[in-house]
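Take a look at the structure set out below.
As the structure is a prediction and not an experimental result, all values here were calculated from the model.
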Amino acid sequence: MRLAEYTDYTLRVLMFCATNPDRLVTIAELAEWHGVSKNHLMKIVNDLARQGVLETTRGRGGGLRLLKPAEQIRIGDVVRACETDFRLVECFDPAVNTCQLTPGCRLKGLLGKALQSYFEVLDGATLADIAQPAPPPPAARGRKVLPITVAGAVPSAARRKSS
């Protein structure tokens with residue numbers, strides 16, 4: 001099974017918002033951060049706002065933020081809302097099933113249990129569980145951080161050894 005790109009970016013938008021709870025996040029910022037088109041993100045944001053997950057504010061100084069605390073947003077719910085088809089094999093949909101093995105096949109039951117377990121794991125996690133601390137701005141990524149030394153200062157490791 002593979003998540004659609006749409007679901008992947010939806011989770012990224014939510015995770016970014018969860019790591020920046022004290023401010024409005026802009027679509028331009030998200031687009032730059034994730035390297036995704038603004039138009040694609042606008043569709044995702046509109047869907048999340050319609051579902052009651054995001055609050056959006058238009059205009060200058062506008063942006064978006066989580067409407068509910070990250071602890072109340074279950075990952076399983078987000079995935080179910082984004083994905084369109086969890087039919088792992090043909091026999092999951094009786095309307096199109098033509099498999100001759102269906103009457104005695106145990107594969108459908110096995111895959112059904114696997115899908116159920118998949119959602120049990122996702123339902124057990126919230127957005128708060130997967131969100132990381134606020135990342136550095138895109139301009140800072142990839143830069144080398146050099147230590148600053150002050151003439152005459154004793155490094156902290158040397159101070160601990162001498163104590």
Salt bridge check, Lys43 against Asp47: does any charged N sit closer than 4.0 Å to a carboxylate O? no
Just by distance, do the side chain of Glu83 and the backbone of Ala4 share a donor-acceptor pair under 3.5 Å? yes
Indicate yes or no: at least one non-hydrogen side-chain atom of Leu54 is less than 4.5 angstrom from one of Val13. yes
Answer with yes or no whether the hydrophobic clustering places Leu67 together with Leu48; edges join I, L, V, M, F, W, Y residues whose side-chain heavy atoms lie under 4.5 Å apart. no
Would you say Leu122 and Phe119 make side-chain contact, with heavy atoms under 4.5 Å? yes
Qualifying residue for side-chain contact (heavy atoms from CB on, under 4.5 Å) with Leu14, from Ile130, Thr19, Val53: Val53
Out of Thr26, Leu24, Ile27, which residue meets the side-chain contact (heavy atoms from CB on, under 4.5 Å) rule with Leu64? Ile27
Which heavy atom of Ala49 sits nearest a heavy atom of Thr56, and at what distance? CB-CG2, 4.1 Å
Side-chain contact test, heavy atoms from C-beta onward, threshold under 4.5 Å: evaluate it for Val79 versus Phe86 and give yes or no. yes
I need the minimum non-hydrogen distance between Ala81 and Gln51, along with the two atoms involved. CB-OE1, 3.7 Å
Without swapping roles, check the side chain of Glu71 against the backbone of Thr126 for a donor-acceptor pair under 3.5 Å. no
If you draw a 6.0 Å radius around CZ in Arg23, do more than 12 non-hydrogen atoms from other residues or ligands fall strictly inside? yes
Are His40 and Tyr9 close enough that their ring centers fall under 6.0 Å? yes
Using a cut-off of 6.0 Å, state whether more than 12 heavy atoms not belonging to Glu5 lie near its atom CD. no
Once you round to the nearest 0.5 Å, how far does NE2 of His34 lie from CD of Glu29? 9.0 Å
Asn97 side chain to Asp93 backbone, donor-acceptor under 3.5 Å: no
Answer yes if Val78 and Val36 sit in the same cluster of Ile, Leu, Val, Met, Phe, Trp and Tyr residues linked by side chain heavy atoms under 4.5 Å apart, and no otherwise. yes
What are the two closest heavy atoms between Thr7 and Cys82, and how far apart are they? OG1-CB, 3.1 Å
Report the distance from atom CG of Asp123 to atom CG of Asp77, rounding to the nearest 0.5 Å. 6.0 Å
For the residue pair Lys68 and Gly52, what are the closest heavy atoms and their distance? CE-O, 3.8 Å
Could you grab the distance from atom CG of Asp129 to atom CD1 of Ile75, nearest 0.5 Å is fine? 7.5 Å
So, taking the atom named CZ in Arg65 and the one named CG in Asn20, what distance separates them when rounded to the nearest 0.5 Å? 11.0 Å
Minimum heavy-atom distance Ala18-Leu66, with the two atoms named: CA-CD1, 3.7 Å
Atom SG in Cys17, atom CG in Leu127: separation rounded to 0.5 Å? 8.5 Å
Hey, could you give me the CG/CG distance between Leu41 and Asn46, rounded to the nearest 0.5 Å? 11.0 Å
Residue pair Ala131 / Met15: nearest heavy atoms and the distance that separates them: CB-O, 4.2 Å
